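Naming convention: chains lettered A, B, ... in sequence-line order (proteins, then strands); numbering from 1 in each chain. This one's a predicted model, so the numbers in the text were calculated from it and none came from an experiment. Only heavy atoms go into these numbers, but all of them, side chains included; no hydrogens, no water, no symmetry mates.
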Protein chains: 2
Amino acid sequence: MNTVKLGQRNTRQREILQQIFAQAPGPLGVKRLLDLAQAEIGKIGIATVYRTVRLLEESKEIRPVTLPDGEIQWESSDRGHHHHFVCRACTTVTDFAGCPVHVHTDSLPQGFCVESHELTLVGLCSKCSAPASSKAPARKGKR
Amino acid sequence: MNTVKLGQRNTRQREILQQIFAQAPGPLGVKRLLDLAQAEIGKIGIATVYRTVRLLEESKEIRPVTLPDGEIQWESSDRGHHHHFVCRACTTVTDFAGCPVHVHTDSLPQGFCVESHELTLVGLCSKCSAPASSKAPARKGKR
DNA sequence: TTCATTGCAAAGTTTTTGCATCTTT
DNA sequence: AAAGATGCAAAAACTTTGCAATGAA
């Protein structure tokens, strides 16, 4: 599921980003991607990250994940249907296997057609809910 | 449930925005708020909308709703627990009464504590799913 | 009269775009 | 050599902030 044809040329930058998504344990945002990519390769600009992410998204190799605070991150598409848990303290996003959603189409107004759904659970991850260390919730830049 | 104390002064701009939220059938974004408010009152700047929204959110009179594309809108807090349906064609957000979510805490890693959840259904609203008019999906500014 | 609030414009942020240069094919 | 892709810097788009003027109490 790698080395997918998208765009026309195989560049180092593109390969690195694809590899990063393939190995990522969860969704990644623009800044994170830039940092990870720059660690591998010296030269890569933020514009390339944005352009590549758009390309990967259009070719369906990755898909967008919207966090409760509005930030958009992306993750490899080859993970089955799943949802996300966002820790309100450390803002870490964790994949969540089960799908506790059962849409009762009858509870929607007439004529509405549900094609997909997005669920995000918010709370405290195992680290942050540990009674011992109660670090103060921190907001990242945005908002 | 109006005329709530927040900030210190009761200004015309504040009242208008509170009224707009009270009457709104669904969540509203910044631009929409500005338009609606300007229709009522001549003078009101975008900065005031941002400042007032923050105030209303802090005082819990309204709460934020994040759409799949990352846009944040707000709605009055005095609507019970519910979720949203976003039409992918016209981008209209519709309130959705039922809650088809049943969180099986056992499907989460040990130690995780779920405090809340956000669910968004995406599809076509009754208008857009009507076979007759198939208007082209349009993106609003962002992204 | 006092001081919270507003509008406007400037300053920040984040994302997109133009373009000359570099690379893949 | 041709044309896609990149990096950089400029331009957009969106929010926040500083400040003098306004208006609620």
*Same apolar cluster: B:L124 and B:V93, side chain cutoff 4.5 Å*: no
Ignoring hydrogens and geometry, is there a side-chain-to-backbone donor-acceptor pair from [X] to [Y] under 3.5 Å?
| X | Y | result |
| --- | --- | --- |
| A:Q38 | A:I44 | yes |
| A:R12 | A:I41 | no |
| B:T92 | B:C87 | no |

For [X] and [N], give me the distance from atom [atom1] to atom [atom2], rounded to whole Å.
| X | N | atom1 | atom2 | result |
| --- | --- | --- | --- | --- |
| B:L34 | C:dC8 | CG | P | 11 Å |
| A:R54 | C:dT14 | CZ | C1' | 14 Å |
| A:I72 | D:dA13 | CD1 | C1' | 15 Å |

Please report, to 0.1 Å, the donor-acceptor pairs under 3.5 Å made by any side chain of residues 108-115 of chain B, with sequence neighbours excluded.
from: B:E115; atom 1: OE1; to: A:R88; atom 2: NE; distance (Å): 2.6
from: B:E115; atom 1: OE2; to: A:R88; atom 2: NE; distance (Å): 3.4
from: B:E115; atom 1: OE2; to: A:R88; atom 2: NH2; distance (Å): 2.9

Bend of the helix from C:dT1-D:dA25 to C:dT25-D:dA1 from end-axis comparison, five pairs per end, nearest 10°, comes to 30°
*Looking at D:dG4, does its base get a donor-acceptor pair with the side chain of A:R51 below 3.5 Å?*
no
Item to complete: Report yes if a donor N or O on one partner sits less than 3.5 Å from an acceptor N or O on the other, where the partners are the side chain of A:R14 and the base of D:dG4; otherwise report no.
Response: no
In A:I16, A:L28, A:L17, A:V49, the residue satisfying side chain to side chain contact (heavy atoms under 4.5 Å, CB included) with A:L36 is A:L28
The residue, A:T52 or B:V30, whose nearest nucleotide of DNA chain D is more 5′ is A:T52
B:R79 and B:D95 have their tightest heavy-atom pair at CD-OD2, 3.6 Å
Sorted by chain and number, sequence neighbours left out, salt bridge (charged side-chain N to carboxylate O under 4.0 Å, His left out) with A:E118 holds for none
So, with a heavy-atom separation below 4.0 Å from DNA chain D, the residues of residues 35-50 of chain A are A:K43, A:I44, A:G45, A:A47, A:T48
With the criterion being N/O to N/O and under 3.5 Å, what pairs connect the protein with nucleotides 22-25 of chain C, and how long is each?
from: C:dT24; atom 1: O2; to: A:R9; atom 2: NH1; distance (Å): 2.8

By ring-ring contact (aromatic ring centres under 6.0 Å, His included), A:H84 pairs with (sequence neighbours left out) A:H82
Ring centroids only, cut at 6.0 angstrom: are B:H83 and B:H117 within range, meaning strictly under it?
yes
Salt-bridge test for A:R63 and A:E75: reply yes if a basic N is under 4.0 Å from a carboxylate O, no otherwise.
yes
